[in-house]
There are 2 protein chains.
Amino acid sequence: MTRRDITDLQKLGGPVVSRQRGEVISREGQPAEGFHLLLDGWVSSSVRLRNGKRLIQKLHLPGDMLGTPSLTLPSAADTLTALTEGKTSFVSEVSLRKLFASNPKLSALFFMAAQLERITLMDALASAGRSSALENMAHLLLDLHGRLGALGAVSNDSFYLPITQEMIGDILGITAVHVNRVLREMSRGGLVKFEGRTMCLLNLQKLRARSPLPIRVPRSKLPWLPGAKAVA
Amino acid sequence: MTRRDITDLQKLGGPVVSRQRGEVISREGQPAEGFHLLLDGWVSSSVRLRNGKRLIQKLHLPGDMLGTPSLTLPSAADTLTALTEGKTSFVSEVSLRKLFASNPKLSALFFMAAQLERITLMDALASAGRSSALENMAHLLLDLHGRLGALGAVSNDSFYLPITQEMIGDILGITAVHVNRVLREMSRGGLVKFEGRTMCLLNLQKLRARSPLPIRVPRSKLPWLPGAKAVA
DNA sequence: CGGACTGTTGAAATATATCAATATTTGTGG
DNA sequence: CCACAAATATTGATATATTTCAACAGTCCG
């Protein structure tokens with residue numbers, strides 16, 4: 001990105017808002033009218049099913065855009081909840097228009113970011129359907145390991161995991177009880193170690209072998225992107 | 001969309017290519033370098049897991065863009081297979097650049113289309129994890145009913161479904177045997193009727209009651225979109 | 001026509017859910 | 001900083017949805 005791109009991106013968001021743990025940033029069923037940039041902290045995106053059960057579709061980490069899918073709907077599909085203290089800033093639809101109208105390169109990057117999210121969801125869906133709970137757990141842990149690593153939040157393959165086993169269950173679509181059994185089995189097998197909210201991946205190689213799909217690495221360069229000023 | 005938008009969109013694709021049933025349009029592991037517009041026919045997007053099992057992530061219908069997520073990766077994540085005879089046209093990365101550089105409105109629409117796909121995937125993921133096979137089947141049938149209806153391919157709530165029960169299993173993440181049991185149970189319960197490849201939804205209301213999530217209806221208007229020529 | 005898919009049904013095996021009881025940790029107010 | 005309540009983790013026993021294996025019927029297509 002050029003300096004101009006970065007400036008444009010920073011100008012996008014409104015004032016920085018502090019979020020407390022447990023705070024609902026946006027609730028399903030309410031109109032969206034914009035999205036949020038996650039500047040700091042963890043946020044979950046969850047949906048409640050007819051039968052009352054909840055499912056977490058995504059754990060958002062700093063740098064993520066929250067709530068963009070709901071821009072396409074009359075009312076938000078998911079609820080955004082802060083899992084830790086954090087900071088967000090709101091991007092209105094008007095700001096988004098200005099971005100698309102003035103910076104084709106960032107527009108294309110936004111498009112590509114959305115495609116990357118699709119990949120993650122596609123992989124999660126493929127994995128969920130046809131793999132055992134342990135395999136899905138391995139995939140989830142490796143995904144977090146990769147994403148947190150990129151943010152510098154992993155040391156010695158261990159990281160802070162500010163979610164309960166029940167939430168992990170809501171991500172993988174299994175019960176909290178079964179999450180516990182699987183984690184303990186992985187622990188006994190020397191795959192991971194966890195104390196409180198700290199998770200340590202003891203054997204990345206074995207974990208990768210158990211993961212139904214590899215963790216995707218995005219293309220580092222997209223040579224076809226329009227130049228920042230290449231406006232017709 | 002204005003006339004200019006439509007012209008821009010049509011210019012995007014290369015020559016029309018005819019596809020035979022079973023033909024592989026693009027294979028996972030190979031570089032993408034562009035995507036396909038589906039002009040006619042059904043196409044599946046599938047992934048193969050480490051354990052050899054296949055999972056279908058999406059049934060594509062005419063009007064869909066195929067393979068855009070893989071633009072973000074060094075090599076394609078999914079395999080695109082024609083399920084019926086059909087027609088596609090290829091859009092190169094260069095064409096895509098020109099679009100982003102010259103038409104901010106279509107750029108924004110492309111972004112929004114990707115978000116809509118995310119919604120579908122999020123719902124499928126939420127549904128898959130926490131619902132019974134019958135509930136997921138209801139959701140799938142209603143989704144197809146809605147999408148095919150928009151294309152004028154539904155009459156009397158019945159439509160042509162050019163896929164085997166094994167493929168349905170690969171979509172829902174269950175075995176072909178179980179697909180059969182679930183479909184027959186729905187049939188006995190008066191929810192659906194099927195003969196050969198024709199599926200008829202006999203009781204939409206009951207089906208909706210069994211579906212874990214409603215079928216989403218996109219916003220009809222996005223007033224914030226940049227005008228077609230609103231280039232800074 | 002015949003062979004290969006595809007659909008259908010039954011019986012047994014298995015992963016995961018559910019229910020229940022207890023231990024441990026975490027957060028909070030005094 | 002402590003004590004206590006609430007949330008979370010852990011483990012066992014049992015129930016259940018789905019898979020697996022198997023056998024056969026139907027159907028499509030060359």
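Numbered from 1 within each chain, the chains take letters A, B, ... in sequence-line order.
- Contact of the A:Val43 side chain with the A:Ile25 side chain is registered, since non-hydrogen atoms from C-beta on lie closer than 4.5 Å.
- In this structure, B:Glu135 places its CD atom 11 Å from P of D:dA17, rounding to the nearest Å.
- Using a 4.5 Å heavy-atom cutoff, the side chains of B:Tyr160 and B:Pro162 are in contact.
- As a whole-Å value, the separation of B:Ile163 CD1 from C:dC5 P is 19 Å.
- In this structure, A:Leu183 places its CG atom 8 Å from P of D:dT10, rounding to the nearest Å.
- Rounded to whole angstrom, the span from the CG atom of A:Asp170 across to the P atom of D:dA9 amounts to 12 Å.
- Using a 4.0 Å cut-off between charged nitrogen and carboxylate oxygen, A:Asp157 and A:Lys193 do not count as a salt-bridge pair.
- In this structure, CD of B:Glu166 is placed 14 Å from C1' of D:dT19, rounded to the nearest angstrom.
- Across all strands, A:Arg21 comes closer than 4.0 Å only to sugar-phosphate atoms, never to a base (heavy-atom distances).
- Look at A:Gln165 and you won't find any side-chain N or O under 4.0 angstrom from OP1 or OP2 of D:dA7.
- Picking from C:dG7, D:dT8, C:dT8 the nucleotide with the shortest atom distance to the side chain of A:Thr164 gives D:dT8.
- Side-chain contact between A:Thr164 and A:Arg197 is present, with heavy atoms from C-beta onward closer than 4.5 Å.
- Within the 4.0 angstrom heavy-atom criterion, only backbone atoms of the sugar-phosphate kind lie near B:Arg197; the bases stay farther away.
- Per the geometry, NZ belonging to A:Lys53 stands 5 Å off P belonging to C:dT18, to the nearest Å.
- A straight line from CG of B:Asn51 to P of C:dA15 spans 14 Å, rounded to a whole angstrom.
- Between A:Asp123 and A:Arg118 there is no salt bridge, since none of the side-chain N atoms of the basic residue sits less than 4.0 Å from a carboxylate O of the acidic one.
- Using a 4.5 Å heavy-atom threshold, the side chains of B:Val47 and B:Arg54 count as separate.
- Per the geometry, CD belonging to B:Glu185 stands 11 Å off C1' belonging to D:dA17, to the nearest Å.
- Comparing atom distances between the B:Ala133 side chain and each of C:dG27, D:dT18, D:dT10 picks out D:dT18 as nearest.
- Heavy-atom nearest nucleotides on DNA chain D were determined for A:Arg184 and for B:Val182, and the one closer to the 5' end corresponds to A:Arg184.
- Taking the charged nitrogens against the carboxylate oxygens, A:Arg219 and B:Glu93 do have a contact shorter than 4.0 Å, which makes a salt bridge.
- Scanning residues 172-181 of chain A for heavy-atom distances under 4.0 Å to DNA chain D yields A:Val177, A:Asn180, A:Arg181.
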